[in-house]
Amino acid sequence: MTRPALWCGEGLRFPPEAFTFPGAENWIDGAAAELRRTVREDWTPELPLPPTDWYRVADAGLEVLFVARGTALVPWMQVAVYDSGAGWALRSYGACTLSVSYPDGIGGATWSLDPGSPAPGPESREIHTLIVETACASGKSPEGRILDPLIVYGAASVLIAVAVRPRPGAQDCQGNPEVPLTIVLSEPLGDRVLLDGSAFPPRLVTR
């Protein structure tokens, strides 16, 4: 399956690791030049665009999406540019509502550490969790419908987003049960924190 990704609520999807290298406004190409022009000329007092520390989060060849941290009221901003054939031009800019985007036909689940299992330590490669499906499921367990999670190994954190195949047909929204799930890491946890990637910004998971 295609793994979950991030998006601004519309447009191009991109992986969480796209936020690794800021400073995309300094790239020497047409897309970055149009970003610099937009930041300089096309912003409004209601939606100010930060001048620096942009991330080039998605590049589809003829369309590029840039995202940067905004203000307390508008945490993230986005600028989308495209190749018009006569040069790069602005497609859209404004607030970016960052969230996890699941592939068509796939839903998500929140997760927490299972209080009935030992807390993970630096040497842990198994994370014992309790998951709750986010979609309506008539109160049924997601067992048998849980797919491989998205796991992103960062220097200071390990982000995990659990994917679930929804139940077919119409479902009642009556609350879903907690279900145990053991998530296996490909490397020891170390001193990194755990993040639930079912929403963005990710939620810090603690006991």
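Without hydrogens or angle criteria, Trp88 side chain to Asp29 main chain gives no donor-acceptor distance under 3.5 Å. A donor-acceptor distance shorter than 3.5 angstrom exists from the side chain of Glu25 to the backbone of Asp53, with no hydrogens or angles considered. Checking side-chain atoms of Glu34 against main-chain N and O of Leu90 turns up a donor-acceptor pair under 3.5 Å.
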Go through Thr20 and Tyr55 one step at a time and tell me if the side chain to side chain donor-acceptor pair (under 3.5 Å) criterion holds.
CA-CA 8 Å; Thr20 303; Tyr55 296 90; over 6 Å; no
Evaluate side-chain contact (heavy atoms from CB on, under 4.5 Å) for Leu194 paired with Ser157, printing each intermediate quantity in order.
CA-CA 6 Å; Leu194 289 166; Ser157 65; over 6 Å; no
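Taking CG of Leu185 as the start and CZ of Arg125 as the end, the distance is 8.0 Å to the nearest 0.5 Å. Taken to the nearest 0.5 Å, the CZ atom of Arg165 stands 5.5 Å off from the CD1 atom of Ile106.
Considering every non-hydrogen atom in both Pro166 and Glu133, the closest pair reads CA-OE2, 4.0 Å. Heavy-atom minimum distance, Phe14 versus Ala58: CB-CB, 4.2 Å.
The shortest distance between side-chain heavy atoms of Leu130 and Leu181 does not fall below 4.5 Å.
For Phe19 and Trp76, the ring centers are positioned less than 6.0 Å apart.
In this structure, Arg56 fails the cation-pi test against Phe66, since its NZ or CZ atom is not both closer than 6.0 Å to the six-membered ring centre and inside 45 degrees of the ring normal.
Under 4.0 Å is where a charged nitrogen must lie from a carboxylate oxygen, and between Glu187 and Arg192 at least one such pair does.
The salt bridge (charged side-chain N to carboxylate O under 4.0 Å, His left out) test applied to Glu143 returns no partner, not counting sequence neighbours. Looking at residues two or more places apart in sequence or on another chain, you find a side-chain contact (heavy atoms from CB on, under 4.5 Å) between Leu204 and Val193, Leu195, Thr206.
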